[in-house]
Amino acid sequence: MCGFCGFVNTNIANKKLILNNMMDTIAHRGPDSAGEYIDDHINMGFRRLSFLDLEAGAQPLYNEDGRFVLTFNGEIYNFMEIREKLIAAGHIFKTHTDSEVLVHGYEEYGTELVNHLRGMFAFVIWDREEQVLFGARDHFGIKPFYYTLFDDNFVYGSEIKAILKHPEVKRELNEEALENYLTFQYSALPETFFKGIFKLPPAHYFVLKDGKMSLTRYWEPVFDAKEDTLENYVDAIDKQMKESIEAHKISDVEVGSFLSSGVDSSYVASCFGGDHTFTVGFANEKYNEISYAEELSKEINIPNTNKVITPEEYWNVLPKVQYHMDEPLADPAAVALYFVCQLASQTVKGVLSGEGADEFFGGYNIYKEPLDSAEYRKLPKGLRRFLASIAKTIPFSFKGKNFLIRASKDLEERFLGNAYMFSPEERKKLLKIQTNAIDPFEFVKPIYDKVQDKDDITKMQYLDMHMWLAGDILLKADKMSMAHSLEVRVPFLDKKVFEVASKIPTKYRVNKENTKYAMRLAAKRNLPQSVANKKKLGFPVPIRVWLKEDKYYNIIKDAFTSEVANKYFHTESLVTLLDAHRAGKTDNSRKIWTVFMFLTWYDEYFTNFSA
């Protein structure tokens, strides 16, 4: 796991100094070594966290004649298979790293290289002869890649903060991103919170030549259910997961695993059979999964290291978390993840984790909604909409009110993914600024259009795979682990695992009995039954409790009445949200947190950041 950065065609002095400043900004991604390649056209920087071929795996890496130059972040899990084919084709390898298959693979296959890869990756390869830059990002967006293109200049990096160190890159807030963030709780647009700086989308590669950039999608996830017995699907899941975990274990350093009480990380940890598991929790019993993790660790005979996060620790680290995130993220679990990564980094250089299981196998509780409302939705749509309109006029909450409203709408009208926070109407009332931000339901329509022939549960999974997974789940896993120079590997997010998951009929993914039904049955073969059947909790954080305490209420209120808040928001509306939550009228904790995390991030990048 590493970090890279660089720039092409920038006609300025002190290029080496600028590149080194960019590299220093992401030194946390690779504290073991640094490397660079500079010529008249490109400046490539690299920071390394050593995992394979510890002595000879430094980057940049070159092919035999030095024509192709590589910097790479990630792991290629089928590199030995690719390496053998390339050696048979006449290529000469100088190292035993997975990285070197990329530079020889590009020499052999060109842009088709990406179709040979299994792993997590973001990389660039410079063709010195043709003066072409080729870059790619993995299938699911596990590894980040950012870039900006202006006046024939191209600046790129594993993190935005490195790009911002380039003296010609402007640091300007993208207000449209802010408006969308209030809906999704994360940066949902291709353009980041910084105007002109973009994310390379998952499963895409680019070619840059003569200042012109072309983007190509090289892979598309397709759900194509096949009828077979439940037992056969459970067999297939368990076989492929164990194979994937074995592939993800390959390392020349010690690797542990994260462990909560949930089935995903428990399944990985039990099959992994490593030397360490790591868990964090909070003093409040409802928000502490340490006892479950300790119990399972004893069952599978692996020592568990754990930590109770104090409220003071949690709140004190918020600015640092938002700095490392690069863009504001409202998910409170990101902070807990920061601490478990910190804990693990004191013992190991890498961990296995359970991200991706919910999107692949149907794990979120909201996926049961189409089943729960199926009978009601047999009523004529006009009648359902009429009953919903009546429910909306009733000024108080009552049991079933939300059901009547949501069940009156088609899926595409009600589901924006797992993180839907402020409605378009709410964000307009809250924001002083008004942009040309597209309506969020129109924003996700192109994704829904690709799966119009699928059932509602599959549509929900497909949307979350394209939005929530890369925008929140994987982003925080990468940024929080790299903040502590720790590599996180995610064996669920393997294209061979997805091949199995994509064929499972919906009834074996989600039913009225449980979510991730077939996957849980596979997990039961390796886990105590109590863990395999445990209800999904996510990563519980007691912010709703803290926001009612004087100390933290006042911290938020100060932020909500600050000069920055007043610049972008109607501050009286923010304070109203806060006061209503404190009084127990309504749980506004996530809405409050969404705004507060933006303000915290803004201070880091527009007040404290030194360009």
Side-chain angles (χ1 to χ4, degrees), residues 3-6 8 44 70-78 102-103 105-106 109-127 132-150 154-160 162-163 177 180 186-192 194 196-209 211-223 326-327 356 359 443-451 462-475 477-479 490 493-495 498-499 502:
F4 58 78
C5 57
V8 181
M44 303 171 71
L70 166 79
T71 53
F72 159 60
N73 170 29
E75 302 288 343
I76 307 300
Y77 299 118
N78 63 336
L102 295 175
V103 69
Y106 183 62
Y109 305 122
T111 60
E112 284 296 307
L113 164 67
V114 289
N115 295 316
H116 294 261
L117 302 178
R118 176 187 177 192
M120 55 181 186
F121 53 84
F123 64 83
V124 289
I125 298 174
W126 174 246
D127 182 341
V132 170
L133 186 68
F134 171 70
R137 191 177 178 199
D138 64 66
H139 303 74
F140 304 106
I142 304 169
K143 296 286 91 189
F145 191 112
Y146 302 96
Y147 69 90
T148 182
L149 185 62
F150 58 95
F154 185 75
V155 187
Y156 64 89
S158 297
E159 298 190 9
I160 296 174
I163 296 174
N180 277 279
Y186 56 88
S187 176
L189 301 176
E191 188 176 18
T192 69
F194 299 92
I197 299 179
F198 294 83
K199 305 164 219 173
L200 181 65
H204 281 69
Y205 70 77
F206 72 85
V207 175
L208 181 80
K209 183 175 175 60
K212 303 268 192 288
M213 180 184 186
S214 63
L215 272 177
T216 302
R217 180 159 200 160
Y218 65 84
W219 182 82
E220 184 93 45
V222 176
F223 283 94
D326 277 342
E327 299 184 85
E359 290 78 10
F443 181 74
V444 302
K445 187 178 183 300
I447 300 174
Y448 273 132
D449 286 346
K450 293 183 178 181
V451 284
Y462 190 81
L463 183 67
D464 278 336
M465 280 182 63
H466 284 77
M467 298 283 294
W468 169 252
L469 181 63
D472 180 300
I473 299 295
L474 296 176
L475 187 72
D478 173 83
K479 297 296 179 64
V490 282
L493 284 168
D494 176 81
K495 68 178 184 180
F498 179 74
E499 285 172 11
S502 67

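Computed from a predicted model, the values in this text were never measured in an experiment.
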Looking only at heavy atoms, what is the nearest atom pair of [X] and [Y], with distance?
X: Pro144; Y: Ser158; answer: CG-O, 3.4 Å
X: Glu112; Y: Asn115; answer: OE1-ND2, 2.8 Å
X: Tyr448; Y: Leu463; answer: OH-CD2, 3.5 Å
X: Leu117; Y: Lys495; answer: O-NZ, 2.9 Å
X: Pro202; Y: Arg137; answer: CD-NH1, 3.6 Å

Are [X] and [Y], when compared by the centres of their aromatic rings, separated by less than 6.0 Å?
X: Tyr156; Y: Phe198; answer: no
X: Tyr205; Y: Tyr106; answer: no
X: Phe145; Y: Phe121; answer: no

Main chain of [Y], side chain of [X]: is a donor-acceptor contact present, judged purely on distance under 3.5 Å?
X: Lys199; Y: Leu189; answer: yes
X: His116; Y: Val114; answer: no
X: Arg118; Y: Asn78; answer: no
X: Asp138; Y: Lys143; answer: yes
X: Ser187; Y: Thr192; answer: no
X: Asn180; Y: Ala188; answer: no

**Q.** Residues, nucleotides or ligands: over 12 heavy atoms within 6.0 Å of Lys445 NZ
**A.**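 No, NZ of Lys445 has 12 or fewer neighbouring heavy atoms, counting only those of other groups under 6.0 Å.
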Say you draw a straight line from [atom1] of [X] to [atom2] of [Y]; how long is it, rounded to the nearest 0.5 Å?
X: Asp478; Y: Met120; atom1: CG; atom2: CE; result: 8.5 Å
X: Met465; Y: Phe140; atom1: CE; atom2: CZ; result: 5.5 Å
X: Leu208; Y: Trp126; atom1: CG; atom2: CH2; result: 7.5 Å
X: Leu493; Y: Ile473; atom1: CG; atom2: CD1; result: 10.0 Å
X: Ile76; Y: Leu102; atom1: CD1; atom2: CG; result: 5.0 Å
X: Glu220; Y: Lys450; atom1: CD; atom2: NZ; result: 4.0 Å

Q | Result of checking Thr216, Leu149, Leu133, Thr111 against Phe206 for side-chain contact (heavy atoms from CB on, under 4.5 Å) | A |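 Single pass found, and it is Leu133.
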**Q.** Verdict with reasoning, Ile125 to Phe72, per side chain to side chain contact (heavy atoms under 4.5 Å, CB included)
**A.** CA-CA 9 Å; Ile125 298 174; Phe72 159 60; over 6 Å; no
**Q.** With Lys479 via side-chain hydrogen bond (donor to acceptor under 3.5 Å, both in side chains) - residues at least two apart
**A.** Tyr146, Asp326
Q.
Is any side-chain heavy atom of Phe123 closer than 4.5 Å to one of Leu70?
A. yes
Q) Can you find a pair of side-chain heavy atoms, one from Leu215 and one from Leu200, that are under 4.5 Å apart? A)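 Yes; the side chains approach each other to less than 4.5 Å.
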Q. Step by step, would you call Tyr147 with Met213 a side chain to side chain contact (heavy atoms under 4.5 Å, CB included)?
A. CA-CA 11 Å; Tyr147 69 90; Met213 180 184 186; 3.5 Å; yes
**Q.** Intermediate values then yes/no, side chain to side chain contact (heavy atoms under 4.5 Å, CB included), Asp464 and Leu469
**A.** CA-CA 6 Å; Asp464 278 336; Leu469 181 63; 6.0 Å; no
Q. For Met467 and Tyr186, what are the C-alpha separation, side-chain angles and deciding distance, and is it a side chain to side chain contact (heavy atoms under 4.5 Å, CB included)?
A. CA-CA 9 Å; Met467 298 283 294; Tyr186 56 88; 3.2 Å; yes
